Every structure is written in structure tokens, then in C-alpha cells.
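These numbers come from a predicted model, not from an experiment. Side chains included, hydrogens not; waters and symmetry mates left out as well; all remaining heavy atoms used.
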Amino acid sequence: MKNIIIDGRIFDLSSPLVMAVINATPDSFFSKSRAETPEILIQNIEFALQNGASFIDLGACSTRPDSTLVSAEEELDRVSNALSLIRKHFGDIPISIDTFRASVAETAISDFNCSIINDISAFSLDNNMLDTVVSLQRPYILGHYPKEPIPDDTPDDIFISSVLKFFSEKIELLRNRGFNSDIIIDPNFGFKKTIHQNYVMLRNLNVLQCFGLPILAGLSRKSMIYKVLDTTPENALNGTTVLNTVAVMNGANILRVHDTIEASQVCKLLSL
């Protein structure tokens with residue numbers, strides 16, 4: 001996979017790219033990523049763009065473990081306010097909208113010209129999302145999200161086979177429904193997986209290359225890092241950089257991160 005097309009622009013994936021996490025939420029698991037005021041939102045985006053981010057990923061409903069989901073109305077209000085500010089200050093920068101709700105995705109794209117839909121649920125949490133994705137025809141980040149967590153005692157090869165089966169079925173469904181835009185595969189580190197399964201997925205990330213689609217790795221400061229290291233998200237940057245390096249070496253084309261400087265350095269060094 002050499003490139004993806006976003007808003008008519010070609011993004012070269014022969015070297016990995018960085019996607020910056022921007023949270024318009026008060027409760028994201030990494031406290032420093034929370035953009036609770038317009039000033040912080042603008043500062044965070046400006047910093048990300050100046051330090052290697054090719055696009056930003058805007059979320060307004062935390063899906064961290066044990067979080068309480070806000071209503072669709074609240075998420076839509078947060079998204080609309082944030083996107084109004086972003087378009088005013090940054091113009092037509094590429095924006096990925098991080099949501100599992102069809103109504104939020106539709107508004108973000110129709111009203112604010114967002115470029116990508118990032119859906120952790122693979123259109124399983126909103127019955128309207130599949131039709132919306134097909135209708136909008138924007139690049140879609142397809143997250144691994146099985147109906148039930150895979151038991152921890154599942155043999156590693158069976159676990160990997162189940163991930164491949166999941167993506168194969170979802171990709172086929174999208175194509176059969178007439179979705180012709182780019183699909184980006186996200187193994188969804190941290191979602192419905194044990195710590196062991198997360199590392200099995202990371203070690204075997206290159207098997208996802210069989211689909212011939214871009215692979216996104218979102219490892220940034222997650223519990224698979226800080227729990228193993230017996231620390232906190234705030235102190236998980238070094239571990240994140242290590243795992244981002246492993247991900248790129250194993251075939252990741254896009255790193256979704258909170259820390260754009262360090263991720264950009266990983267991408268630059270591994271592109272030599």
C-alpha cells in the first residue's frame with residue numbers, strides 16, 4: 001500500500017505517517033490530551049501540526065475502559081463546537097472524526113468537511129453507521145471489534161485467525177455494499193483484548209498486510225503499556241515510543257498518537 005487519497009490529496013505511505021489525537025472531552029484516559037477550552041484545543045492542534053502530524057483525529061466521546069458514554073446530542077455539540085474553531089483557525093486541514101455514531105459522522109463530514117471516519121466499532125454500535133459510511137464515501141478506519149471478547153486461553157494462532165476473519169468479512173461487506181473509498185485497518189489495541197492478546201497482535205501485525213490496505217496502530221499511552229510497566233498514562237511515553245517502533249517495523253503505515261514529536265522521530269528514523 002503506497003498511498004491513500006484524502007480530499008483529492010495523495011498521502012504517500014511508503015513512509016509511515018502520524019495522526020494526532022485531539023480530544024474535545026473532559027474525561028479521556030490521558031489527562032494531558034483533554035482540550036477542555038478553545039485555547040487548549042487550538043494550542044494542541046497547532047503543536048501537532050508543527051511537529052509532524054499529517055492529520056488530526058478528533059474525538060468527543062471517550063471510549064476508555066469503564067467510561068460512561070455521553071449522549072449523541074452532547075457528542076454532536078462538542079464536535080460541532082470544536083470543528084467550527086478548527087476550520088476558523090486552521091482552514092482545510094485533514095480531519096478524522098473519531099465516532100461510532102452515524103449522526104456525528106454525517107454532521108462532521110457534511111457540515112465541516114471532515115476527511116476520514118474513524119469508527120472503533122466497525123459499524124456495530126450504531127445500526128445506521130454502515131449505510132452512512134457507504135453514502136458518504138470518505139476513507140474509513142475499520143476497527144477490530146468482535147461481538148464478544150476472545151477468551152484469553154485461546155491459542156495465539158486461533159486468535160490471529162479470528163482477527164483476519166473479522167477483517168475479511170467486514171471488508172467484503174463494505175465492498176459489496178458499494179463502498180469504494182479507502183479502508184484503513186485498525187487492530188484496535190486495547191479494545192476487547194487482554195494484555196497478552198494485544199502483544200500477540202503487535203508481534204503479528206504484518207499478517208494484516210494480506211489485505212493490501214493501510215494499517216493504523218493506536219498504541220499511545222494505553223493500558224497495555226502502563227499496566228505492564230506498573231505506571232500511569234502520564235509516564236508511558238517511553239513505552240509508547242518502543243511499541244510504536246515495533247508497530248512500524250511490523251508494517252504499520254499510520255501511528256495514532258498523543259505525542260507527535262516522538263512518533264515523528266520514530267517514523268523518520270525507520271524510513272532511512
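- The side-chain heavy atoms of Arg256 and Asp186, taken from C-beta on, include no pair separated by under 4.5 Å.
- Less than 6.0 angstrom separates the ring centroid of Phe11 from the ring centroid of Phe55.
- Under the rule for a side-chain hydrogen bond (donor to acceptor under 3.5 Å, both in side chains), Ser162 has no partner lying at least two apart in sequence or in another chain.
- Residues Gln137 and Val134 are in side-chain contact: their nearest non-hydrogen atoms beyond the backbone lie under 4.5 Å apart.
- A donor-acceptor pair under 3.5 Å is formed between the side chain of Asn253 and the backbone N or O of Ile215.
- The backbone N or O of Phe123 lies less than 3.5 Å from no partner atom in the side chain of Tyr145, so there is not a single donor-acceptor pair.
- Remark: Asp157 engages no residue in a side-chain hydrogen bond (donor to acceptor under 3.5 Å, both in side chains) (not counting sequence neighbours).
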Checklist line | Audit row: Asp7, Arg138, side-chain contact (heavy atoms from CB on, under 4.5 Å) steps and yes/no | finding: CA-CA 8 Å; Asp7 293 339; Arg138 297 295 176 101; 3.5 Å; yes
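- Annotation: Asp12, atom CG; neighbour count of heavy atoms from other residues, nucleotides and ligands within 6.0 Å is above 12.
- Counting heavy atoms from C-beta on, the side chains of Asp126 and Ser121 never come closer than 4.5 Å.
- With hydrogens and angles ignored, the 3.5 Å screen pairs no side-chain donor or acceptor of Thr260 with any backbone N or O of Ala53.
- There is a side-chain donor-acceptor pair under 3.5 Å between Glu75 and Thr99.
- No hydrogens or angles considered: a donor-acceptor pair under 3.5 Å links the side chains of Tyr140 and Asp119.
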Margin query: Determine whether Asp156 and His196 satisfy the following criterion, side-chain contact (heavy atoms from CB on, under 4.5 Å), listing intermediate values before the conclusion.
Written below: CA-CA 9 Å; Asp156 292 351; His196 172 74; 2.9 Å; yes
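- Heavy-atom minimum distance, Arg78 versus Ala60: NH1-O, 3.0 Å.
- Linking ILVMFWY residues whenever their side-chain heavy atoms come closer than 4.5 Å, directly or via other members, leaves Val246 and Val18 in distinct clusters.
- In the hydrophobic clustering of ILVMFWY residues, with side-chain heavy atoms under 4.5 Å counting as a link, Phe47 and Ile22 come out apart.
- Note that CG of Leu216 is 7.0 Å distant from CD1 of Ile184, once rounded to the nearest 0.5 Å.
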Next item on the list: List the steps and the verdict of side-chain contact (heavy atoms from CB on, under 4.5 Å) for Val79 and Arg101.
Entry: CA-CA 12 Å; Val79 163; Arg101 289 177 168 133; over 6 Å; no
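- The shortest distance between side-chain heavy atoms of Thr107 and Val104 does not fall below 4.5 Å.
- A distance of 10.5 Å separates CZ in Arg221 from CG in Asn238, rounded to the nearest 0.5 Å.
- Atom CG of Asn118 and atom CG of Leu58 lie 10.5 Å apart (nearest 0.5 Å).
- Heavy atoms only, all atoms of each residue included: Gln197 and Ile150 are closest at NE2-O, 2.9 Å.
- The backbone N or O of Asp131 lies less than 3.5 Å from no partner atom in the side chain of Ser135, so there is not a single donor-acceptor pair.
- By the 4.5 Å heavy-atom criterion applied to side chains, Asp182 and Pro214 are not counted as neighbours.
- Between Phe211 and Leu164, some side-chain heavy-atom pair lies under the 4.5 Å cut-off.
- Legend: residues meeting side-chain hydrogen bond (donor to acceptor under 3.5 Å, both in side chains) with Lys193, ordered by chain and number and at least two apart, are His144.
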Next item on the list: Verify side-chain contact (heavy atoms from CB on, under 4.5 Å) between Ile42 and Phe90, making sure each step is shown before the conclusion.
Entry: CA-CA 9 Å; Ile42 293 167; Phe90 299 100; 3.9 Å; yes
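- Using a 4.5 Å heavy-atom threshold, the side chains of Asp92 and Arg87 count as touching.
- Residue Asn113 qualifies as enclosed at atom CG: its count of foreign heavy atoms under 6.0 Å is above 12.
- The two residues Arg9 and Ile93 make their nearest non-hydrogen contact at NH2-C, 4.5 Å.
- Atom CG of Leu202 sits about 9.5 Å away from atom CG of Asn244, to the nearest 0.5 Å.
- Rounded to the nearest 0.5 Å, atoms CG (Leu136) and CD1 (Ile116) are 13.5 Å apart.
- Using a 4.5 Å cut-off on side-chain heavy atoms (C-beta onward), Phe112 and Ile86 make no contact.
- In this structure, the side chain of Asn81 engages the main chain of Asp77 through a donor-acceptor pair within 3.5 Å.
- Residues Ser115 and Pro139 come closest through the heavy atom pair O-CD, 3.2 Å.
- Listed here is the closest heavy atom pair of Lys222 and Gly218: NZ-O, 2.9 Å.
- Here the closest non-hydrogen pair linking Gly251 and Gln209 is CA-NE2, 3.5 Å.
- Linking ILVMFWY residues whenever their side-chain heavy atoms come closer than 4.5 Å, directly or via other members, places Ile171 and Leu208 in the same cluster.
- Tracing side-chain contacts under 4.5 Å through hydrophobic residues (I, L, V, M, F, W, Y), one never reaches Leu255 starting from Val242; they form parts of separate clusters.
- In this structure, CZ in Phe159 is found 9.5 Å from CG in Asp152, a value given to the nearest 0.5 Å.
- Under the 4.5 Å side-chain heavy-atom criterion for ILVMFWY residues, a single connected hydrophobic cluster contains both Ile183 and Phe167.
- Checked by atom type and distance alone, the side chain of Asp230 never pairs as donor or acceptor with a backbone atom of Tyr226 at under 3.5 Å.
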